[in-house]
Amino acid sequence: MSLRESEIKSEPACTTISLGNYRFSDPPDPSKWADCVHCGMCLESCPTYEQTGQEQHSPRGRVHLMKSVGEGKLEITEDLIDPIFMCLDCRACTTACPADVDVGGLIEEVRGQIRQAIPLTGWKAFVNDFFLKGVFPHPSRLHLLGSLLKLYQKSGLKTIARKTKLLRIMPEHLVEMEAILPEVGMPVRKKYKHMNVIKAKGETKHTVALLTGCVMDVMFSDINEATIRVLTRNGNDVIIPQNQTCCGALHVHAGDRETGRKLAKQNIEAFQHADRVIVNAAGCGCMLKEYPELFRDDPEWREKAEQFSQKVEDISKYLHDTGYEKPKAELNMRITYHDACHLAHGQGIRQEPRAILSSIPGVEMVPMPNADRCCGSAGIYNLTHPEMANDILESKMQNVPEDVELISMGNPGCMLQMAMGVLKYGRNQKVVHTVQLLDWAYQKEDGKEVRV
Ligand code: SF4
Ligand code: SF4
């Protein structure tokens, strides 16, 4: 039975009320910091510690600060904002930590407390509310924004804005972002609105539901299309539930756990009849798998969230594990692979995408040193912390091999950030999603012209 919207909106009380100087409901889970022995083995893995050399911007320093508030030794003040919000939530520290301390999870929980104790004000509050609450959870508004962007790109306005230097009124990092925005296409959610199911080519082996994503379906609808083609080619009937919504990752990362819970409930309901939920954006996949964390104090929804999260699978792992058809056409390219943090550190998926790429005839894989180092995208971190994001991107680009034609990855945020790196540092690689390459190989095999 479908849940009425009013029921979804009525927040169940989070029964854990406070902890030390965390005075709001849903405080951080102290068992997460309990295992930290301050050994420092996480320090080198942390991009912000690498850039600043400061303990407060290291995983160990952050855990110490967060624990101190929980023990009542520190208050939540403005001084806490920088160390906690400068974190990329990249999870590299958890991979490096011998005790598996979930620093990223703690950071998200503590941000929830900080945003209640010290709410955003002024234009930051306006931008936050407008995009995170007013646009991303509403597909029709997002599609309208996409149409306006498409008009800007196609009508000549873009050329005029660039030629007349009109864009200079915007902050530099937004101008850079404008330069690498992909061409907006038709969202697959809209395109397949009237189809209950997109049928498999040939015999149906599985039925899967696709998370189209919010920004993903507007900015990268071509990747969603490629995902559908690859899934149907491999014997999957594909369903696109129309009542699905934004995964809530950006909200949870920003400390708005209440909106995160509302969106999680809507998605759990939307996908309740699906056996498998396929995701092609690492950040969204990681969030969906972590929905149970949002309902620690709500047994009913926690159980539903646990059942739901077990159905979630990244596209690369799903194809790998279900035995995808190896392409026969050659692509003849040198490719390097960047591990998106929320795929490698967040979901432990490293080998599957590489195996898919290596299985394409003619592809030569060139390893990238420190491939699982964050690129600085981290959701909207490159907008909220442009200077740090740029410094991290510069380090990342130094590791991209010179002699490759493509940089492949499995997360749209990383794709935008790496495309910015290519433009900014005078490189000439094209940035692609792993599933796009498999799709191109299939298309070439079918005699279609491939535009790489
Ligand atoms: S988070 Fe882990 S690696 Fe870092 S100091 Fe604590 S125990 Fe050591
Ligand atoms: S999540 Fe990333 S940025 Fe944050 S403390 Fe860990 S390694 Fe550093």
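These numbers come from the heavy atoms of this one structure, side chains and all, not from hydrogens, waters or symmetry mates.
Counting only distance, with no hydrogens or angles, the side chain of K311 and the backbone of I278 share no donor-acceptor pair below 3.5 Å. Checking side-chain atoms of Q436 against main-chain N and O of H433 turns up a donor-acceptor pair under 3.5 Å. One N or O on the side chain of Q266 and one on the backbone of N243 form a donor-acceptor pair closer than 3.5 Å. No donor-acceptor pair closer than 3.5 Å links the side chain of N236 to the backbone N or O of V208. Looking at H320, its side chain never comes within 3.5 Å of a backbone N or O of Q351 through a donor-acceptor pair. Checked by atom type and distance alone, the side chain of N370 never pairs as donor or acceptor with a backbone atom of R373 at under 3.5 Å. T48 contributes no side-chain N or O that, together with a main-chain N or O of C87, makes up a donor-acceptor pair within less than 3.5 Å. Distance alone, capped at 3.5 Å, is enough to place a donor-acceptor pair between the Q244 side chain and the P241 backbone. For the pair R115 (side chain) and I118 (backbone), a donor-acceptor distance under 3.5 Å is present. Judged by distance alone, the side chain of N21 and the main-chain N or O of L74 form a donor-acceptor pair under 3.5 Å.
Within 6.0 Å of atom CD in E71, more than 12 heavy atoms from other residues, nucleotides or ligands are found, so the atom counts as buried in its surroundings. The neighbour count for Q54 CD, taken as heavy atoms of other residues, nucleotides or ligands under 6.0 Å away, is above 12. The number of heavy atoms from other shown groups lying within 6.0 Å of NE2 (H64) does not exceed 12.
Considering all non-hydrogen atoms of both residues, E293 and K32 come closest at OE1-NZ, 2.6 Å. Between P59 and C93, the shortest heavy-atom contact is CG-CB, 3.4 Å. Here the closest heavy-atom approach between residue A96 and residue C42 is recorded as CB-CA, 4.1 Å. Taking all atoms of both residues into account, the shortest heavy-atom contact from P28 to L106 is CB-CD2, 4.0 Å. Across every non-hydrogen atom of G61 and S58, the tightest pair is N-OG, 2.9 Å. When all heavy atoms of P137 and F131 are compared, the closest pair comes out as CD-O, 4.3 Å.
Side-chain contact annotation: K396 with H338, donor-acceptor N/O pair under 3.5 Å present. Between the side chains of N267 and Y291, a donor-acceptor pair is found at a separation under 3.5 Å. Using modelled atom types and a 3.5 Å distance limit, the side chains of H57 and T52 yield no donor-acceptor pair. Side-chain contact annotation: S395 with Q51, donor-acceptor N/O pair under 3.5 Å present. For the residue pair E225 and Y192, a side-chain donor N or O sits within less than 3.5 Å of a side-chain acceptor on the partner.
The side-chain heavy atoms of T227 and L210, taken from C-beta on, include a pair separated by under 4.5 Å. Proximity of Y337 to P353: side-chain heavy atoms (C-beta onward) are separated by under 4.5 Å at one or more points. Side-chain atoms of L263 and H251, non-hydrogen and from C-beta on, do get closer than 4.5 Å to each other. Counting only heavy atoms from C-beta outward, the side chains of L343 and D314 approach each other to under 4.5 Å. Two residues are said to be in side-chain contact when any heavy atoms from C-beta on lie closer than 4.5 Å; L211 and L288 meet this criterion. You'll find the side chain of I392 reaches within 4.5 Å of the side chain of M388, heavy atoms only. Considering only heavy atoms from C-beta on, L437 comes within 4.5 Å of S408 through its side chain. Between C374 and C341 the shortest side-chain heavy-atom distance falls below 4.5 Å.
For the side chain to side chain contact (heavy atoms under 4.5 Å, CB included) test with I407, the passing option among K430, M415, Q429 is Q429; the others fail. Evaluated for a salt bridge (charged side-chain N to carboxylate O under 4.0 Å, His left out) with E290, the options R296, R257, R91 yield exactly one hit, R91. A side chain to side chain donor-acceptor pair (under 3.5 Å) with N280 is found for exactly one of N224, T212, T434, namely N224.
Using a cut-off of 4.0 Å between Lys/Arg side-chain N and Asp/Glu carboxylate O, E306 and K289 are scored as not salt-bridged. Remark: D26 engages R261 in a salt bridge, criterion side-chain N to carboxylate O under 4.0 Å. Checked for salt-bridge contact, E269 and K265 miss the test: no charged N lies under 4.0 Å from a carboxylate O. Under a 4.0 Å N-O distance rule, the pair D321/K317 qualifies as a salt bridge. Between R189 and D217, none of the side-chain N atoms (NZ, or NE/NH1/NH2) sits under 4.0 Å from a carboxylate O, so this pair counts as no salt bridge. Taking the charged nitrogens against the carboxylate oxygens, R350 and D372 do have a contact shorter than 4.0 Å, which makes a salt bridge.
Applying the salt bridge (charged side-chain N to carboxylate O under 4.0 Å, His left out) test to residues at least two apart or on different chains, the pairs with a partner in residues 413-425 are E176-K424.
Both the sub-6.0 Å distance and the 45° axial angle are not jointly satisfied by R62 relative to the ring of Y49. Geometrically, R276 does not engage Y318 in a cation-pi contact defined by less than 6.0 Å to the ring centre and at most 45° from the axis.
Here I198 contributes atom CD1 and I239 contributes atom CD1; the two are 9.5 Å apart, rounded to the nearest 0.5 Å. Atom-to-atom distance recorded for R354:CZ and T336:OG1 is 8.0 Å, nearest 0.5 angstrom. Of the inter-residue distances, the one linking D339 atom CG with C375 atom SG reads 11.0 Å to the nearest 0.5 angstrom. Note that the OG1 atom of T259 and the CG atom of D129 stand 8.5 Å from one another [nearest 0.5 Å]. To the nearest 0.5 Å, atom CD1 of residue I107 and atom CE of residue M86 are 12.0 Å apart. The structure places OH of Y381 at 4.0 Å from CG of L88, a figure rounded to the nearest 0.5 Å.
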Step by step, would you call R23 with E75 a side-chain contact (heavy atoms from CB on, under 4.5 Å)? CA-CA 10 Å; R23 299 209 170 92; E75 288 282 349; 3.3 Å; yes
side-chain contact (heavy atoms from CB on, under 4.5 Å) evaluation trace for V252 with L294: CA-CA 9 Å; V252 173; L294 293 173; 3.9 Å; yes
Pair V277-E313, side-chain contact (heavy atoms from CB on, under 4.5 Å): steps then yes or no: CA-CA 6 Å; V277 181; E313 196 59 276; over 6 Å; no
Worked check of side-chain contact (heavy atoms from CB on, under 4.5 Å) between K190 and V188: CA-CA 5 Å; K190 208 169 170 180; V188 300; over 6 Å; no
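Taking the six-membered ring for Trp, H138 and H143 have ring centres at least 6.0 Å apart.
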